[in-house]
2 protein chains.
Amino acid sequence: MTENVNDPRIVRTMHMLREALLELMEEQGFERITVKDITSKAGLNRGTFYLHYADKFDLLERITEEMMQGLRQIAQTFDPLDLVMHESQDTPFPFTVRLFEYFGEHARFFSVMLGPKGDPAFSVKFKEFMQVHLMDKFNEFHHSEDRVPVPWDYLMAYLISAHLGIVQYWLERGRDHTPWDVALMFTRMTQLSPIQSAGLKK
Amino acid sequence: MTENVNDPRIVRTMHMLREALLELMEEQGFERITVKDITSKAGLNRGTFYLHYADKFDLLERITEEMMQGLRQIAQTFDPLDLVMHESQDTPFPFTVRLFEYFGEHARFFSVMLGPKGDPAFSVKFKEFMQVHLMDKFNEFHHSEDRVPVPWDYLMAYLISAHLGIVQYWLERGRDHTPWDVALMFTRMTQLSPIQSAGLKK
DNA sequence: CCATAAATGAACTTTGTGTTGATTAATGAT
DNA sequence: ATCATTAATCAACACAAAGTTCATTTATGG
């Protein structure tokens with residue numbers, strides 16, 4: 001397990017192992033992958049793998065943590081007041097655009113991890129991220145516990161999962177729309193009922 | 001690989017293997033499970049496993065297929081016209097209630113498979129099921145390709161994932177509402193915009 | 001140029017896989 | 001109740017991959 005990130009050999013090796021894992025996950029899914037597979041795809045000795053990672057789970061966790069770190073950094077720029085101000089405008093919310101740009105930059109990772117060959121625990125992590133960094137900032141609004149059409153927590157589960165679904169579908173389709181366009185869909189679907197979104201009702 | 005389903009020994013053995021797998025998946029997730037784990041939890045000889053299943057993937061597939069068969073059977077009773085007739089009523093759609101009852105009966109399976117330790121390919125299967133048996137029956141309504149607020153396919157992805165999310169959350173919470181109650185939430189969230197569902201707007 | 005340390009290669013133990021063949025035990029048809 | 005059938009057990013096997021160790025080669029940076 002190495003620490004020194006200055007040595008270009010280490011950077012190179014770790015990068016190759018990470019790339020190899022993602023490629024293999026696309027092909028076979030995480031389950032079937034062996035350490036042998038990873039190192040031979042990366043063109044490295046099997047022993048070298050263990051110099052940097054404990055096992056394939058460890059490797060995946062490290063990649064994941066890096067991506068989540070990137071997401072958290074973007075989340076810092078989110079202000080719920082911006083969203084309130086933005087209400088009823090028919091332009092995408094800028095923060096959402098930024099998120100989609102990030103997904104696009106790391107499309108390989110997100111598309112594999114959120115897809116059928118991915119890790120369901122990652123989807124959960126991703127949902128928790130949205131819950132903590134986005135949804136929880138609106139908790140102030142729901143003090144009126146009684147007489148709401150739908151319990152707050154179920155509504156959150158609905159919205160978070162819906163948003164995750166859009167990200168998944170967008171990646172699955174090979175990003176057939178710009179981040180700006182998908183973000184606009186987000187904004188509209190949040191403002192309208194599903195029936196209105198479909199254009200079946202003014 | 002056995003065929004004769006009449007022999008009670010076979011029924012018993014297969015049932016024990018299935019139960020053991022689900023229990024282990026709850027504990028450790030599919031990935032870490034060995035055939036040894038399954039048979040010793042089931043109190044059977046390791047060799048016996050191979051009399052019935054090729055490997056642990058095979059076992060999981062068979063269980064999955066059984067559950068999907070049950071879902072398809074329920075889906076046969078679905079008529080999109082019923083849903084149209086039901087519009088703007090504030091009662092749950094009966095078909096949805098039936099589905100949730102089924103999820104409840106097989107809560108162990110669905111909660112594991114749709115949860116963080118589950119199989120992401122199953123979530124995809126489940127979404128495809130909803131797409132084919134529910135959503136596709138409304139394709140007739142969207143001939144007006146132009147000027148819709150959101151592309152039809154993205155709206156479908158949004159709705160399907162949202163609904164999956166509710167099922168997941170309901171199971172995760174240990175089914176803290178009756179099938180009737182959750183089904184009513186469904187109906188309301190489909191009729192209202194997210195902002196209305198939250199009670200933030202008339 | 002050279003001390004340091006990363007990568008390689010080979011050997012080794014351990015764990016799980018999937019199969020086989022002989023033996024024991026349960027089943028259901030007579 | 002008997003008995004042929006066949007499921008389940010048990011032990012042994014070859015094989016593949018995991019994870020470790022250590023001597024050797026190669027690349028890095030001072």
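Every chain is numbered from 1, with letters handed out A, B, ... down the list of sequences. Computation of the quantities below employed the complete heavy-atom set of this structure, encompassing side-chain atoms and omitting hydrogens, waters and symmetry-equivalent molecules. All values derive from a computational prediction rather than experimental measurement.
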Options C:dG28, C:dA7, D:dT9, nucleotide nearest the side-chain atoms of A:Leu51: C:dA7
Phosphate OP1/OP2 of C:dA6: any A:Thr13 side-chain N/O under 4.0 Å: no
From C:dT8, C:dG18, D:dT6, nucleotide with atom closest to B:Arg9 side chain: D:dT6
For A:His86, the option from A:Thr187, A:Thr91, A:Thr96 that meets side-chain hydrogen bond (donor to acceptor under 3.5 Å, both in side chains): A:Thr91
Proximity to the side chain of B:Leu44 - top-ranked nucleotide from C:dG9, D:dA8, C:dT19: D:dA8
Given C:dT17, D:dT9, D:dT28, the nucleotide with the shortest approach to the side chain of B:Lys36: C:dT17
Distance below 4.0 Å between A:Asn45 side-chain N/O and C:dA7 OP1 or OP2: no
Rounded interatomic separation in angstrom, taking CZ from B:Phe49 and P from D:dT9: 14 Å
Quiz item: A:Arg46 side-chain donor-acceptor pair to C:dG9 base, under 3.5 Å: no
Rounded distance in Å - CD1 (A:Ile10) to P (C:dT4): 16 Å
A:Thr34 side-chain proximity, nearest of C:dA5, D:dA18, C:dG18: D:dA18
Nearest-Å distance for atom pair CE/P, residues A:Met16 and C:dA6: 18 Å
Residue mapping more 5' on DNA chain C - nearest nucleotide basis, B:Val35 or B:Pro8: B:Val35
Nearest-Å distance for atom pair CG/P, residues A:Asp7 and C:dA3: 18 Å
Length of the line joining A:Arg12:CZ and D:dA27:C1', which is rounded to integer Å: 10 Å
Lys/Arg-Asp/Glu bridge criterion (N-O < 4.0 Å) met for B:Arg32, B:Glu27: no
Any B:His52 side-chain nitrogen or oxygen under 4.0 Å from OP1 or OP2 of D:dA7: no
Spacing of A:Ile38 atom CD1 relative to D:dG19 atom P, expressed in whole Å: 11 Å
Distance, rounded to the nearest Å, where B:Glu31 contributes CD and C:dG16 contributes P: 14 Å
Spacing of B:Asp58 atom CG relative to C:dT19 atom P, expressed in whole Å: 11 Å
Flag for A:Asp153-B:Tyr169: side-chain donor and acceptor within less than 3.5 Å: yes
Salt bridge present between A:Lys56 and A:Glu61 (N-O < 4.0 angstrom): no
B:Arg108/B:Glu26 salt bridge by N-O under 4.0 Å criterion: yes
Phosphate contact (C:dT19 OP1 or OP2) by B:Tyr50 side-chain N/O below 4.0 Å: no
